[in-house]
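Structure first, commentary second.
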Amino acid sequence: MTPRHFLEVDDLSPRELLDVLDYSEKSVSHFLTGRGVAMIFEKPSLRTRNSTEMAVVQLGGHPVYIQNDEITLDVRECTEDAIRVLQGYYSIICARVFKHQQLERMAAVADVPIVNLLSDEGHPAQALADLLTIRQCLGDVAGLQMTWVGDFSNVAFSLGLGLAMLGASTVYSCPNGYGPTEQSLDRIRRAATGTATVGVDPHPSSAVVGSHIVSTDAWYSMGQEAEKEVRKRAFEGFRVDASMMTGALPGAIFLHCLPAHRGEEVTDEVIDSAQSKVFPQAHNRMHTMRGLFAWFHAQGSIPRNAEVAP
């Protein structure tokens, strides 16, 4: 059977996306007993590594963390050969990479599921946790509206895509030069169901009006430290503070994928408020990864590792 891969949220259909969220809240089955899950990390992480490892452990499997300097893809050997080797040991291969093309190359040769743990283009694993958090806090996702304030990051794209698939709308409020491309907007529009829309409003104070969710991300992330001062100047006026949150609907929630640069993209008053769901959101990284693996299992996409020599 051809394996299913998860390189971006729209690798799933809207129904399959809901199924993954449903599996995330179901009781745990040890279907990974005797199986391994490889986790290739070109970039380090707190939430991604720990949530993925514990999801595998909860399912009875054995996670193996592989640092970049242990394999140095395309230096010691090409990416394709490394994946052909690893798939003989592991039932799922997860990767956190700099370039999305690496994931596409992995998926092209893999006989086991490839899971995107972050790339320069998207962060669908984070989007799953965000969607589950939204559903837990606000109920049915269809018909909701999110305002994304700040940098159009990989998370901003994947989350907007997932919301559109489930019938929710997104307004992106970003500084000039840091917003979504037309290509990104077109992909989100093509994925939309129901009454979902996607739009752009460069003024955060008006963008948040009518929103059920306000979300943001760091103004500069790993690999962008040299741009820190330039970005801080560009993002003046895009800090999520208490005043901005009052413009959203009563009962609106605040999300942030973390790590947060407190005092920059968000104030302490907001991130520590009752509206903030950032820590349940972080904890849901584990539950949704478990749900994704459970969905793979239900699809018959997870082979057993070779237990005896052929």
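Predicted, not measured: the structure shown is a model, and the values here were computed from it.
- To the nearest 0.5 Å, atom CZ of residue F31 and atom CG of residue L59 are 4.5 Å apart.
- With sequence neighbours excluded, no residue satisfies ring-ring contact (aromatic ring centres under 6.0 Å, His included) with Y23.
- Between R190 and D186 there is no salt bridge, since no side-chain N of the basic residue sits under 4.0 Å from a carboxylate O of the acidic one.
- L73 contributes atom CG, which lies 15.0 Å from atom NZ of K99 (distance to the nearest 0.5 angstrom).
- With salt bridges taken as basic N to acidic carboxylate O contacts below 4.0 Å, one links D74 and R105.
- Follow the hydrophobic side-chain contacts under 4.5 Å out from V57 and you reach M286 in the same cluster.
- Open room surrounds CG on N176; 12 or fewer heavy atoms of other groups in view lie less than 6.0 Å from it.
- In this model, no donor atom of one side chain and acceptor atom of the other lie less than 3.5 Å apart for E265 and T216.
- A side-chain donor-acceptor contact under 3.5 Å links S158 and E8.
- Between F152 and Y172, a ring centre-to-centre spacing shorter than 6.0 Å is recorded.
- For the residue pair E16/Q299, the side-chain donor-acceptor check at 3.5 Å is not satisfied.
- Salt-bridge check for R15 with D22: passed, with a basic side-chain N closer than 4.0 Å to an acidic carboxylate O.
- A salt bridge links D10 to R187: at least one charged side-chain nitrogen sits closer than 4.0 Å to a carboxylate oxygen.
- In summary, the side chains of S173 and D201 do not present any donor paired with an acceptor at a separation below 3.5 Å, with no hydrogens or angles considered.
- At a threshold of 4.0 Å, the pair R84-D111 does not count as salt-bridged, since none of the basic side-chain nitrogens sits closer than that to a carboxylate oxygen.
- A salt bridge does not link K232 to E236: none of the charged side-chain nitrogens sits closer than 4.0 Å to a carboxylate oxygen.
- A salt bridge does not link R76 with D81: every distance from a Lys NZ or Arg NE/NH1/NH2 to an Asp or Glu carboxylate oxygen is 4.0 Å or more.
- Checked by atom type, the side-chain pair S211/Q145 shows a donor-acceptor distance below 3.5 Å.
- Between the side chains of S276 and S273, no donor-acceptor pair is found at a separation under 3.5 Å.
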